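Right, one structure below, let's go through it.
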Amino acid sequence: MRLRLLMLLFCWPFAYAMQAQNVWVDDEVTITKLDSLEGYEVLKGAFVIENTSVYEVMNLILDVDSYEWVEGESETEMLKVDRADSTFTFDFFVNIPWLFVKKTGRVKVDVLYENGVFVTRSTQVKDYERNEDYDPVDYYCAQWKLEQSGNNVDVTYTGVYQDVKMLLNLNSIIIKKIRKRLNSTFHNLIDLTANKHNPAEALVWPEK
């Protein structure tokens with residue numbers, strides 16, 4: 001069985017301009033499957049979190065070691081935080097027994113801020129001593145955009161997933177599972193950060 005999973009060197013900036021293939025709406029969360037280059041699947045999530053701040057939401061995303069709100073068969077571990085450069089680096093481990101998949105990767109994330117908008121930009125780190133129980137992931141792409149709109153925050157998430165090459169084509173099943181877990185993750189994020197009487201007014205960088 002040959003398998004290639006997840007990962008681009010960086011998030012595609014033109015993903016926001018791609019045309020929609022399918023759209024799913026669950027309460028306040030919209031997930032769109034976008035046209036993409038052959039061999040990749042692009043999922044974009046969009047939703048509004050009411051009565052909160054971009055700092056409240058970004059602080060939760062920064063807290064990599066407390067990603068219980070992120071659905072799926074993965075674990076994350078913060079390795080380095082550089083407040084001066086507004087970056088953090090973390091490892092992730094994906095274990096999907098029914099696909100015989102054990103994958104790992106290391107990612108450096110730049111946190112950019114301008115005029116009430118946070119954007120994260122992720123870059124895969126390739127040269128490092130990894131856990132040998134896991135195979136390295138080929139590509140990575142995940143990007144958050146948080147924009148303050150009055151008392152609310154407009155959230156956009158874009159993930160690019162490489163097609164899985166297997167004896168059987170399970171891509172549609174895998175993408176469906178990813179979409180459902182993204183949907184649950186987005187709802188968890190809303191539940192944890194919405195309707196704050198005194199939302200955060202500054203970033204709280206984890207100690208590493």
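One is the number of the first residue; the rest follow in order along the sequence. Computation of the quantities below employed the complete heavy-atom set of this structure, encompassing side-chain atoms and omitting hydrogens, waters and symmetry-equivalent molecules. Remember, it's a predicted structure, so these values are computed and weren't measured experimentally.
- Connection of Val153 to Val48 is not established within any shared hydrophobic cluster, with ILVMFWY side chains joined at heavy-atom distances below 4.5 Å, either directly or through further cluster members.
- Rounding to the nearest 0.5 Å gives a distance of 7.5 Å between CD of Gln148 and OG1 of Thr52.
- Of all the heavy atoms in Val107 and Ser122, the pair that sits closest is CG1-CB, 3.6 Å.
- The CG atom of Leu182 sits 14.0 Å away from atom NZ of Lys44, with the distance rounded to the nearest 0.5 Å.
- Counting non-hydrogen atoms of neighbouring residues, nucleotides and ligands closer than 6.0 angstrom, the CD atom of Glu75 reaches no more than 12 such neighbours.
- Ion pair Arg181/Glu73 flagged as a salt bridge, since at least one NZ, NE, NH1 or NH2 atom sits closer than 4.0 Å to an Asp/Glu carboxylate oxygen.
- In this pair, Tyr55 and Tyr113 present their aromatic rings tilted. The plane angle is within the 30 to 60° band.
- With hydrogens and angles ignored, the 3.5 Å screen pairs a side-chain donor or acceptor of Thr76 with a backbone N or O of Val64.
- Taken from NZ in Lys196 to CG in Asn151, the straight-line distance is 15.0 Å, to the nearest 0.5 Å.
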Stepwise, does the side chain to side chain contact (heavy atoms under 4.5 Å, CB included) test hold for Lys33 with Trp24? CA-CA 9 Å; Lys33 183 176 180 293; Trp24 300 269; 3.7 Å; yes
Pair Phe92, Val70 - check side chain to side chain contact (heavy atoms under 4.5 Å, CB included), show working. CA-CA 12 Å; Phe92 65 88; Val70 177; over 6 Å; no
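- The two atoms that bring Glu28 and Phe47 nearest to each other are O-CB, 3.4 Å, heavy atoms only.
- Of the inter-residue distances, the one linking Ile61 atom CD1 with Glu56 atom CD reads 11.5 Å to the nearest 0.5 angstrom.
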Worked verdict on Lys80 versus Thr87 for side chain to side chain contact (heavy atoms under 4.5 Å, CB included): CA-CA 8 Å; Lys80 180 181 178 181; Thr87 65; over 6 Å; no
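- Side chains of Phe118 and Leu203 form a contact here, defined as non-hydrogen atoms less than 4.5 Å apart.
- The cluster map of Ile, Leu, Val, Met, Phe, Trp and Tyr, joined by side-chain heavy atoms under 4.5 Å apart, puts Leu146 and Leu60 in the same cluster.
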Candidate pair Trp205 and Val111, rule side chain to side chain contact (heavy atoms under 4.5 Å, CB included), full reasoning: CA-CA 11 Å; Trp205 290 89; Val111 180; 4.0 Å; yes
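- Contact between Ala200 and Asn59 at its shortest, heavy atoms only, is CB-ND2, 3.7 Å.
- A distance-only check finds no donor-acceptor pair linking the side chain of Thr120 to the backbone of Gln143 [under 3.5 Å].
- Atoms CG and CG, from Asn195 and Asn51 in turn, are 5.0 Å apart once rounded to the nearest 0.5 Å.
- Looking at heavy atoms from C-beta onward, Trp144 lies out of side-chain contact with Met58 at the 4.5 angstrom threshold.
- Considering every non-hydrogen atom in both Val54 and Gly116, the closest pair reads CG1-O, 3.8 Å.
- Between the side chains of His187 and Asp26, at least one donor-acceptor pair of N or O atoms lies under 3.5 Å.
- For Asn198, the CG atom counts as loosely surrounded, since its 6.0 Å shell holds 12 or fewer non-hydrogen atoms of other residues, nucleotides or ligands.
- Considering NZ of Lys102 and OH of Tyr134, their distance stands at 4.5 Å, rounded to 0.5 Å.
- Atom CG of Asp191 has more than 12 neighbouring heavy atoms from other residues, nucleotides or ligands inside a 6.0 Å radius.
- For Arg106 against Tyr128, the heavy-atom pair with the smallest separation is CZ-CD1, 3.3 Å.
- Ring orientation note: the planes of Trp69 and Tyr67 are nearly perpendicular, at an angle over 60° on the 30°/60° scale.
- Residues Phe93 and Val109 are members of separate hydrophobic clusters, defined by side-chain heavy-atom contacts under 4.5 angstrom among Ile, Leu, Val, Met, Phe, Trp and Tyr.
- Panel note: side chain Glu71, backbone Lys180; no donor-acceptor pair is recorded below 3.5 Å.
- The shortest heavy-atom contact between Val204 and Leu62 is O-CD1, 4.0 Å.
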